[in-house]
Participant: 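I am attaching a structure below and will ask some questions about it afterwards.
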There are 2 protein chains.
Amino acid sequence: MAKNGNISTSVIKRLPRYYRFLGELEKQEVERISSRELSEMMKLTASQIRQDLNCFGGFGQQGYGYHVASLREEIGRILGVDKDFPTILIGAGNLGKAIAMHINFGTRGCRLVGIFDANPRLTGETVGSIAIRHTDEIEEFCNEEHPVIAVLCIPKANTQAIADKLVELGIKSFWNFSHYDLTIDHKGIEVENVHLGDSLLTLTYRTNQLGKVEEE
Amino acid sequence: MAKNGNISTSVIKRLPRYYRFLGELEKQEVERISSRELSEMMKLTASQIRQDLNCFGGFGQQGYGYHVASLREEIGRILGVDKDFPTILIGAGNLGKAIAMHINFGTRGCRLVGIFDANPRLTGETVGSIAIRHTDEIEEFCNEEHPVIAVLCIPKANTQAIADKLVELGIKSFWNFSHYDLTIDHKGIEVENVHLGDSLLTLTYRTNQLGKVEEE
DNA sequence: TTGCCTTTGTCAAATAATTAACGGATAATA
DNA sequence: TATTATCCGTTAATTATTTGACAAAGGCAA
């Protein structure tokens, strides 16, 4: 069934969105849905939905459509929501705390097991149910708990050095919020750079264009 | 010079990254740079850089390259960093506060002028230098201050209704962090949906794939 | 059961994005 | 000043992505 032979990133980036919409449908107790109906909800083409889903296997049935619950489960499995990757967060400033509190790691295949900050005044303070540790403790912690994913909410100046050190300590993936383009040369390491500032800037651009259109 | 006739979103999404790298180069007092050098830094092709920049005009010079400071200024102008769009933020929970504190709106063509929350216990509390107002005051505030951009850090259940209301009050652009795909049917309205959860899920997927590669 | 309607999976076509190639302009150097 | 190497802007080729089309499979109603 799973013909999982290198899927394009365009497809992968759409999967979480399918997963969310199917979750909503499941909540609304919708049992089945056709690619056409789903395409109207999600504002994309039915063809694209069928193409995307077919990268992983034939989850649908002619004349019927897709069974919402099982399709959602399949996509979840593909994404890895059933996994339990131990995850640490470095940098418990405004953003770090907010990420720790606001993101539901558990429903996304991750488990937040440690929070670290270089500021000793934060040591011992708890975020959610997790106590902030000093960054000096990272090495020992990694040797014991073997976290796989690191969330970086630290100043850009430190990011590369800390990331390199974390790779040595066994971290495989970085979710990087620092204002820095993290790249790791080792292969077998994944990096997701977020760059909220860039996101806002593209909105500024489009907002600015709106004004220009009006002028014409 | 500016041959600004509908630029593809692929290009637009790369502009903030160019802008950042050029900023770093300027800080390091690098005066000029060639597309080849920049391509090595940014890990993309020189051809793409030249192609991208040429959407807006010939900023470079043969045999010399690009003048860092003026190229950065040009890209900044294209993005609209010199603008001053009044911006409000709705929802002063963990994430809302962190965004308000962490994002430098001023360097991105925006000015944060108001923060609102439905919880009356937060009213009067300040975030940075801005006092939190109750959401009941939004209408009056918009009529007086005419904000253009709204940052939404609210629960998904309220998002569409609040956004629709804000459109009536003159908001043109939404930077939406709520776990909901905001769409506005009016044209002349821009939406940037962030979806941090989706970003993490794609990392979970890739982390999971790493494990599978090892097994082979 | 029969026939019609729906809808998928897949292949082909169209569109978009990226990369390569190269002429011509400029800088650097002797 | 002449020569060589650099490097942009642009066009063409390649690759990737999206959309359209349709046969085959299955649902549904009579």
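We name chains A, B, ... by the order of the sequence lines, and we start the count at 1 in each one.
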Participant: Among side-chain atoms of B:Asp164 and B:Gln160, is any donor-acceptor pair under 3.5 angstrom?
Facilitator: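 Yes, B:Gln160 and B:Asp164 have a side-chain donor paired with an acceptor closer than 3.5 Å.
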Participant: Quickly work out the A:Ile49 CD1 to C:dG9 P distance and round it to whole Å.
Facilitator: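 It works out to 12 Å between those atoms.
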Participant: Rounded to the nearest Å, what distance is computed from the CG atom of residue A:Leu44 to the C1' atom of nucleotide D:dG20?
Facilitator: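 Result: 16 Å.
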Participant: Quick one: A:Lys13 NZ to D:dA16 C1', roughly how many Å, whole number?
Facilitator: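 To the nearest whole Å, that distance equals 13 Å.
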Participant: Compare the minimum distances between each of C:dT18, C:dA21, D:dT18 and the side chain of B:Gln48, then state the nucleotide with the smallest one.
Facilitator: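 The closest nucleotide is C:dT18.
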Participant: To the nearest Å, how far apart are B:Tyr64 OH and C:dA28 C1'?
Facilitator: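 Answer to the nearest Å: 13 Å.
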Participant: Compare all side-chain heavy atoms of A:Arg14 with those of A:Met42 and state whether any distance is below 4.5 angstrom.
Facilitator: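 No, side chains not in contact.
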Participant: Output the distance between atom CD (B:Glu26) and atom NE2 (B:His67), rounded to the nearest 0.5 Å.
Facilitator: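 Going from the CD atom of B:Glu26 to the NE2 atom of B:His67 covers 8.5 Å.
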Participant: Rounded to the nearest angstrom, tell me the gap between atom NE2 in A:His67 and atom P in C:dT7.
Facilitator: 16 Å
Participant: Examine the base of D:dA16 for any acceptor or donor lying under 3.5 Å from a partner atom in the side chain of A:Ser8, and report the outcome as yes or no.
Facilitator: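 Not at all, since no donor on one side and acceptor on the other fall under 3.5 Å apart.
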Participant: Please check the phosphate of D:dT19 (OP1 and OP2 only) for any side-chain N or O of A:Thr45 closer than 4.0 Å.
Facilitator: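 A:Thr45 to D:dT19 OP1/OP2: side-chain N or O found under 4.0 Å.
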Participant: Should we count CD of A:Glu24 as having more than 12 external heavy atoms under 6.0 Å?
Facilitator: yes
Participant: Hey, does B:Ser10 reach any base, or is it just sugar-phosphate, or nothing, if we go heavy atoms under 4.0 Å?
Facilitator: sugar-phosphate
Participant: With a cut-off of 6.0 Å (strictly less than), are more than 12 heavy atoms of other residues, nucleotides or ligands near NZ of A:Lys13?
Facilitator: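 No.
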Participant: Consider only side-chain N and O atoms of B:Gln48 and B:Thr45, and report whether a donor and an acceptor are under 3.5 Å apart.
Facilitator: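 No pair is found: no donor N or O on one side chain lies under 3.5 Å from an acceptor on the other.
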Participant: Could you check whether A:Asp185 pairs with B:Lys43 (Lys NZ or Arg NE/NH1/NH2 to Asp/Glu carboxylate O, under 4.0 Å)?
Facilitator: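 A salt bridge is present here (some side-chain N lies under 4.0 Å from a carboxylate O).
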Participant: Please state how far atom CG in B:Asn54 lies from atom P in C:dA21, giving the value in whole angstrom units.
Facilitator: 19 Å
Participant: When you get a sec, tell me which of C:dT26, C:dA20, D:dG9 is the closest nucleotide to the side chain of B:Gln61?
Facilitator: C:dT26
Participant: In this structure, how many angstroms lie between the P atom of C:dT18 and the CE atom of B:Met42, rounded?
Facilitator: 13 Å
Participant: Can you tell me whether the side chain of B:Gln51 and the base of C:dT19 have a donor-acceptor pair closer than 3.5 Å?
Facilitator: yes
Participant: Could you list by number each residue of residues 16-36 of chain A showing a heavy-atom separation from DNA chain D of less than 4.0 Å, or answer none if no residue does?
Facilitator: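 A:Arg32, in order of number.
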Participant: Under 4.0 Å, heavy atoms only, any strand: does B:Ser47 hit a base, just the sugar-phosphate, or nothing?
Facilitator: base
Participant: Using a cut-off of strictly less than 4.0 Å, decide whether A:Tyr66 has a side-chain nitrogen or oxygen near OP1 or OP2 of C:dG9.
Facilitator: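 Answer is yes, contact under 4.0 Å.
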Participant: What's the closest nucleotide to the side chain of A:Arg50 if the choices are D:dT18, D:dG9, C:dT8?
Facilitator: C:dT8
Participant: Looking at A:Arg20, A:Arg17, A:Arg108, which one forms a salt bridge (charged side-chain N to carboxylate O under 4.0 Å, His left out) with B:Asp198?
Facilitator: A:Arg20
Participant: Rounding to an integer number of Å, can you tell me how far A:Leu53 CG sits from D:dT19 C1'?
Facilitator: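 The answer, rounded to whole Å, is 16 Å.
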Participant: Under 3.5 Å, is there an N or O donor on one side and an acceptor on the other linking the side chain of B:Gln62 and the base of C:dT26?
Facilitator: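 Not at all, since no donor on one side and acceptor on the other fall under 3.5 Å apart.
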